[in-house]
Asker: 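Let me begin by handing over the structure; questions about it come next.
Just so you know, these numbers use all the heavy atoms, side chains as well, and skip hydrogens, waters and symmetry mates. Note that the structure is predicted; figures quoted are calculated from it, not measured. Below, chain A is the first sequence line, B the second, and so on; all start at residue 1.
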Number of protein chains: 2
Amino acid sequence: MTKILQRNLYREVADRIGDLIEHGELSPGERISEKQLCEKFGVSRTPLREALKVLATEGLIELLPNRGARVVRLTFKKVKDTYDLMAALEGLSGELACQHITDKEIAAIRTLHNNMLEHYHQHDLKAYFELNRQIHEGILTASQNEVLQEMYSNLSQRVKRVRYSKKMTQAFWDQAVKDHENMINALEKRDSQLLGQILRDHLCNKLEVATLAGVIEDEAPIEEHSVVNA
Amino acid sequence: MTKILQRNLYREVADRIGDLIEHGELSPGERISEKQLCEKFGVSRTPLREALKVLATEGLIELLPNRGARVVRLTFKKVKDTYDLMAALEGLSGELACQHITDKEIAAIRTLHNNMLEHYHQHDLKAYFELNRQIHEGILTASQNEVLQEMYSNLSQRVKRVRYSKKMTQAFWDQAVKDHENMINALEKRDSQLLGQILRDHLCNKLEVATLAGVIEDEAPIEEHSVVNA
DNA sequence: AAAAGTAATTATGAATTCAATATTAACTAA
DNA sequence: TTAGTTAATATTGAATTCATAATTACTTTT
C-alpha cells in the first residue's frame, strides 16, 4: 500500500480509513487497531488518532473510552433514518435550486437526463446510476447552499457501504424515470414547491430503503456488502 | 478557570472551546493560540489539537495548514443557509413526530405550549423563548430519528453565537404564536404533511434571518454579539 | 476441570520531544 | 526612510515517550 507523505495528514488518514470502511476492509463492529493502521499507512499514532476522532464526529466510527474505536454497525433503522434525512435535504436542494439555477445549468442537467434515459432504455444500470448521481449533484450545487452540500455528503458517506441497486425491479425503475421527467419539468418551470415535493418523495431514496427492508431482517445490523452489488 | 481532569479529554476541551466561541470570548477570524488555550485549560497540546480538528469538522472553526486555527466568520449568507437547512429539518421532524408521538408526549407539549402562552401574554420574551425551544426539542425527540437530532444540534450550535430576540416585533411574535397554535393542532390530529409544512414555513426560523438581514449589511461578516441581546 | 484471583502483556490516553514551517525582527542597501 | 534580504523566534506538525487502564495468560484454589 502506498505510503502517505502529504500535509493535512490527519484528513488524508481519515479519508483512507473511510475508504477501508466503505469497501468492507474494516468490518462493522470490528475493533480498529491503532498500531495496525499506523503501520499500514506509515504514520505515527498522533495523526491517526486525530483521524479517528474526526471520523467519530462524522458518524463513521464510535469511540469507547479506553477501549478503542470500532466501525459503526449500520442497523436498518439507522439507514432508514439517514435516508429520510437525505430525502428532506434533497427536497430543500430542489426548492433552492429553482431560485438560483441558471438556464445554462438547467440545459446541462437536461443533457444529463437525456443521457440517463439512454442507459435506462439499454438497461445499463451502472451507467444509469452514475448519471442519476450527477443530476442530483447538479441540483445540489445549483442550490448554492454550501452547508447543505456539506451535510448531504456526510450523510451519503455514512451509508455508502450499503448498495442495493441489483434489487431494483423494473417497476421501481420505471417510476424513478418518471419522477426524473417530472423533476426536470419542474426545474425548467422553476416551480420550487413542486420540485421540492418531488425530490422529497422521490423513489431513489425510499426505494432503496424499501428494498433493503425486504432483504434484511428487522433490527439486525447490516453486515456491509451482504446486500451488495454494483 | 476550573481545570479539566476528566476522561474523553478532547471532547471536554472541544465543548469548552465551543462555549468560548458562543460567548464571544474567541472572536470570529481570530487566530486561536494553542499554547494559550493549553494553559487556560491545563491540558497538553495533544488533546487540544484533537479538539480543534473535531471543531473544524463541526464547522465552528477552520484550520489553515501550518497557520493555525481560527473561528469561522459568520456571513449573512452562511447564517441564512444554516437556517434554511434547520427549517427543512424541523419540517421533517414534524412529519416523523406525527408518526411516532404518543398521547402522553402530545399532552406534555400541549402543557409547554400553554406555559409559553402565559409568557407571551406577559411579554416575557426570555421565558417564551425557552419554552419555545423546549417545544421544538420535544418534537425533535418524538421524531425518533437520532441522526436528525444530531444534525440539527450541530447546525444549531453553529449559529448559536448570533441572537436577535430583541429585534422581534409584536407582529412577528403574534404570528409565531399562531403558528404554534396550528402546530399543536396538527400534532394532535397527527397530520404529518400539515405539521411538516407549518414547521418548514415557521416564522421562528425565517423571522430571525429576516430580522438579521435588516440589521447587518449584506455579505459583511457578522461580528458575534453585535446584534445580540436576550 | 471450573472459577477466581493475580501477574504479564498489550492498548489506549496524554505529555513531551523533535522537526518543519511561518512569522517576526534585525539588518543592509538603495 | 523604505524596500528587500537574512537571521532569530515562535508556532505548528508529527513522532516519541511516559502513564494508566484493559486484556490476556497463568496460577492457585476448590
Asker: About how many Å separate CE of B:M151 and OG of B:S156, when rounded to the nearest 0.5 Å?
Answerer: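 So the gap between those two atoms works out to 13.5 Å.
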Asker: Run the salt bridge (charged side-chain N to carboxylate O under 4.0 Å, His left out) test on A:K78 and A:E62 for me, step by step, so that the C-alpha distance in whole Å, both residues' side-chain angles and the decisive distance to 0.1 Å come before the verdict.
Answerer: CA-CA 14 Å; A:K78 241 181 241 177; A:E62 46 198 3; 5.2 Å; no
Asker: Under 4.0 Å between a side-chain N or O of A:K35 and OP1 or OP2 of C:dT10?
Answerer: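 Indeed not, no polar side-chain atom of A:K35 lies that close.
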Asker: Is there a donor-acceptor pair closer than 3.5 Å between any side-chain N or O of A:S27 and the backbone N or O of A:E30?
Answerer: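 No.
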Asker: Polar-atom pairs under 3.5 Å, protein N or O versus N or O of nucleotides 15-17 of chain D: list them with distances, or write none.
Answerer:
unit_1: D:dA15; atom_1: OP2; unit_2: A:S44; atom_2: N; d: 2.9
unit_1: D:dA15; atom_1: OP2; unit_2: A:S44; atom_2: OG; d: 2.5
unit_1: D:dA15; atom_1: O5'; unit_2: A:S44; atom_2: OG; d: 3.3
unit_1: D:dA15; atom_1: N7; unit_2: A:T46; atom_2: OG1; d: 2.7

Asker: With A:D81, which residues qualify under side chain to side chain contact (heavy atoms under 4.5 Å, CB included), at least two apart?
Answerer: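 Partners of A:D81 by the side chain to side chain contact (heavy atoms under 4.5 Å, CB included) criterion, ordered by chain and then number, come out as A:K77, B:N145, B:V147.
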Asker: Give me, pair by pair, the N or O atoms of the protein and of nucleotides 21-25 of chain C that are less than 3.5 Å apart, along with how far apart they are.
Answerer:
unit_1: C:dT23; atom_1: OP1; unit_2: B:R67; atom_2: NE; d: 2.6
unit_1: C:dT23; atom_1: OP1; unit_2: B:R67; atom_2: NH2; d: 2.8

Asker: Which donor-acceptor pairs under 3.5 Å do the side chains of residues 53-61 of chain B make with protein atoms, sequence neighbours left out?
Answerer:
unit_1: B:K53; atom_1: NZ; unit_2: A:E50; atom_2: OE2; d: 3.4
unit_1: B:T57; atom_1: OG1; unit_2: B:V54; atom_2: O; d: 2.6
unit_1: B:E58; atom_1: OE2; unit_2: B:R11; atom_2: NH1; d: 3.0

Asker: Specify the separation, in whole Å, of atom CZ of B:F41 and atom C1' of C:dA14.
Answerer: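 Result: 16 Å.
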Asker: With sequence neighbours excluded, what pairs up with B:R31 under the side chain to side chain contact (heavy atoms under 4.5 Å, CB included) test?
Answerer: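 By the side chain to side chain contact (heavy atoms under 4.5 Å, CB included) rule, B:R31 matches B:R70.
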Asker: With side chain to side chain contact (heavy atoms under 4.5 Å, CB included) as the test, would you mind laying out the steps for A:E130 and A:Q134 before giving the verdict?
Answerer: CA-CA 6 Å; A:E130 172 55 19; A:Q134 285 182 33; 2.9 Å; yes
Asker: In whole angstrom, what separates A:Q36's CD from C:dT12's C1'?
Answerer: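 Rounding to the nearest Å, CD of A:Q36 and C1' of C:dT12 are 15 Å apart.
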Asker: Report the distance from atom CG of A:L63 to atom P of C:dA14, rounded to the nearest whole Å.
Answerer: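 Atom CG in A:L63 sits about 11 Å away from atom P in C:dA14.
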Asker: What's the separation between atom CD in B:E12 and atom CD1 in B:I17, rounded to the nearest 0.5 Å?
Answerer: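 If we round to the nearest 0.5 Å, B:E12:CD and B:I17:CD1 are 11.0 Å apart.
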Asker: For B:L64 and D:dT11, give me the distance from atom CG to atom P, rounded to whole Å.
Answerer: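 These atoms are roughly 16 Å apart.
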Asker: Select base, sugar-phosphate, or nothing to describe what B:L48 touches, counting heavy atoms under 4.0 Å on all strands.
Answerer: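 No contact.
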Asker: Between A:E39 (CD) and C:dT10 (C1'), how many Å, whole number?
Answerer: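 Rounded to the whole Å, the gap is 14 Å.
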Asker: Is B:R200 salt-bridged to B:E95, going by a charged N under 4.0 Å from an acidic O?
Answerer: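 Yes.
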Asker: May I have the distance from B:R49 (atom CZ) to C:dG13 (atom C1'), rounded to whole angstrom?
Answerer: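 So the two atoms are 16 Å apart, to the nearest Å.
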Asker: Stems in DNA chain C: runs of 3 or more consecutive Watson-Crick or G-U pairs, distances under 3.5 Å?
Answerer: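 Looking at DNA chain C, the stems formed by three or more consecutive pairs are C:1-30 with D:1-30.
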Asker: For A:L52, answer base if it contacts any base atom (sugar-phosphate contacts may also be present), sugar-phosphate if it contacts only those atoms, and nothing otherwise; contact means non-hydrogen atoms under 4.0 Å.
Answerer: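 Nothing: the residue A:L52, judged by heavy atoms under 4.0 Å, touches no strand.
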Asker: For the atom pair CG (A:L85) and CZ (A:R158), what is the distance rounded to the nearest 0.5 Å?
Answerer: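 If we round to the nearest 0.5 Å, A:L85:CG and A:R158:CZ are 8.5 Å apart.
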Asker: Atom CZ of A:R11 to atom P of D:dA14: distance rounded to whole Å?
Answerer: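 About 14 Å, once rounded to whole Å.
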Asker: Give me the one residue out of A:E90, A:E137, A:Q157 that meets side chain to side chain donor-acceptor pair (under 3.5 Å) with A:Y152.
Answerer: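 Considering A:E90, A:E137, A:Q157, a side chain to side chain donor-acceptor pair (under 3.5 Å) with A:Y152 is found only for A:E90.
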Asker: To the nearest angstrom, how far is A:E34 atom CD from C:dG13 atom C1'?
Answerer: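 So the CD-C1' distance, A:E34 to C:dG13, works out to 9 Å.
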